[in-house]
Amino acid sequence: MPELPEVETVCRGLSATLSGRVLARVDQHRPDLRFPLPDNFARRLTGRRVESVGRRAKYILIRLDDGQVLLIHLGMAGRMVVTPPDRAAGFAPATHDHVVFRADDGSVVAFNDARRFGMMDLVAEADLPRHRLLAGLGPEPLGNEFHDAYLSARLAGRRTPIKAALLDQTVVAGLGNIYVSEALFGAGISPRRLAASVAGRRAERLVPAIREVLSAAIAAGGSSLRDYVQTDGELGYFQHAWAVYDRAGEPCRDCRCDVETTGGVHRIVQSGRSTFYCPAKQR
DNA sequence: ACACGCTCCTGAACGC
DNA sequence: TGCGTTCAGGAGCGTG
């Protein structure tokens, strides 16, 4: 269930494991994930040195020494399961380990994705900006290009709920269902409000609210990075003390209002997905 | 350009 | 115990 903070943490873990290492062996166990894997996928990766591991939106970018970039999206259930060298002897792929990377120090990284909503591609660095999966992405929410003037401009004229607009990766790249609910709570904005009406003061509140929610989750992920690398790659959401997400009927975080009369956190469905919010605090 | 619904797939959590 | 149903999630794609 990875959104930007989870992907960022995965990247950091992968960087610690793979940066500078040579991919000694790559095993591909099926021809496709959500899309077909590239031709000669395993062969093109084998023997390549990993130069760096980066991120764009929810995509992992693994740069290789021949100018190729391995592009990975974890979809909804994808995980990168790291097995360190001292435990890698006799490694056997688990169910749904679709691609297994072995580094020259003995580390094993398995891409496990039961639902196969994940994606991988292998592209030349020069073609990255034009790649069909990356070309339309909006700015990074933690970057300088994301500010209230930009957001107001992008939301102007849009007659869809702000919840849906923030899930649109061309508006801002990296938010998912959970952090959108959390950010709107932080900004005191109702998820039902039309996107076009989020301007001025509200946009000024929303941008920092998004940044704070993501930054806090990344910080929480950083603290669990050691576990992530050393154990089984289990990687749920870090911030399980959510303010509103998955808390229907409970008081929102720090809520002073009476649950008996307000009903607490409300759950509604927008665009077929759950949204959680506190009507007393979000307008 | 924008809005919306459908779809991919599986495991977990339910109800009977 | 076992079966069936529902739900969760990201985002590309087709249609209006």
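Worth knowing before you read on, the calculation uses all heavy atoms, side chains too, and leaves out hydrogens, waters and symmetry mates.
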Worksheet entry | Selection from B:dA3, C:dG12, C:dG10 that lies nearest to any side-chain heavy atom of A:R159 | B:dA3
Worksheet item: Which residue pairs pass the ring-ring contact (aromatic ring centres under 6.0 Å, His included) test when at least one of the two sits in residues 37-80 of chain A, sequence neighbours left out?
Response: A:Y59-A:H73
Discussion item. Check the phosphate of B:dG11 against A:H96, side-chain N and O only, distance under 4.0 Å to OP1 or OP2. Yes or no?
Written reply: yes
Worksheet item: In whole angstrom, what separates A:D32's CG from B:dT7's C1'?
Response: 15 Å
Worksheet item: Can A:F117 be said to stack with the base of C:dA11, given centres closer than 5.5 angstrom and planes under 30 degrees apart?
Response: no
Worksheet item: Taking only N and O in the side chain of A:R115, is any of them less than 4.0 Å away from OP1 or OP2 of B:dC8?
Response: no
Worksheet, complete the sentence: Of B:dA3, C:dA11, C:dA8, the nucleotide closest to the side chain of A:M119 is C:dA11
Discussion item. Within 45 degrees of the ring normal and closer than 6.0 Å to the centroid, is that where the cationic atom of A:R132 sits relative to A:F35?
Written reply: yes
Item to complete: Take atom CZ of A:R30 and atom P of B:dT10, then tell me their distance rounded to the nearest Å.
Response: 8 Å
Practice prompt. Kindly check if the number of other-residue, nucleotide or ligand heavy atoms within 6.0 Å of CZ (A:R159) is above 12?
Written response: no
Worksheet, complete the sentence: Whole-Å distance, A:L166 CG to C:dG10 P, equals 13 Å
Fill in: A:R79 CZ - C:dG10 C1' separation (whole Å)
17 Å
Worksheet item: Could you walk me through whether A:Q68 and A:R44 pass the side-chain hydrogen bond (donor to acceptor under 3.5 Å, both in side chains) check?
Response: CA-CA 9 Å; A:Q68 296 185 101; A:R44 289 164 64 192; 3.2 Å; yes
Discussion item. Regarding C:dG10, can its base be found pairing with the side chain of A:R273 as donor and acceptor, where the two atoms are less than 3.5 Å apart?
Written reply: yes
Worksheet item: Quick one: which of C:dG12, C:dA11, B:dT10 gets closest to the side chain of A:R116?
Response: B:dT10
Worksheet item: Tell me: CZ of A:R158 to C1' of B:dA1, nearest whole Å?
Response: 9 Å
Item to complete: Name the closest nucleotide to the A:T160 side chain, picking from C:dG10, B:dT10, B:dA3.
Response: B:dA3
Response to the item:
Closest to the side chain of A:H73, out of C:dA8, C:dG10, C:dG12, is C:dG10
Discussion item. Looking at C:dC7, I'd like to know if its phosphate oxygens (OP1 or OP2) sit under 4.0 Å from a side-chain N or O belonging to A:S274.
Written reply: no
Worksheet entry | Nucleotide nearest A:R132 when distance is taken to its side chain, options C:dA8, B:dT10, C:dC13 | C:dC13
Discussion item. Donor-acceptor pair, distance only, cut-off 3.5 Å: does the side chain of A:S190 make one with the backbone of A:R192?
Written reply: yes
Discussion item. In this structure, how many angstroms lie between the P atom of C:dG10 and the CG atom of A:L74, rounded?
Written reply: 11 Å
Worksheet item: Quick one: on DNA chain C, does A:G272 or A:L133 contact a more 5' nucleotide (nearest heavy atom)?
Response: A:G272
Discussion item. Just the rounded figure in Å: distance from C1' of C:dA11 to NZ of A:K163.
Written reply: 14 Å
Practice prompt. Select from A:R34 and A:G157 the residue whose nearest nucleotide in DNA chain B is closer to the 5' end of that strand.
Written response: A:G157
Worksheet entry | Between C1' of C:dG10 and CD of A:E3, the distance in whole Å | 9 Å
Discussion item. Can you confirm whether A:D39 is buried at CG, in the sense that more than 12 heavy atoms of other residues, nucleotides or ligands lie under 6.0 Å from that atom?
Written reply: no
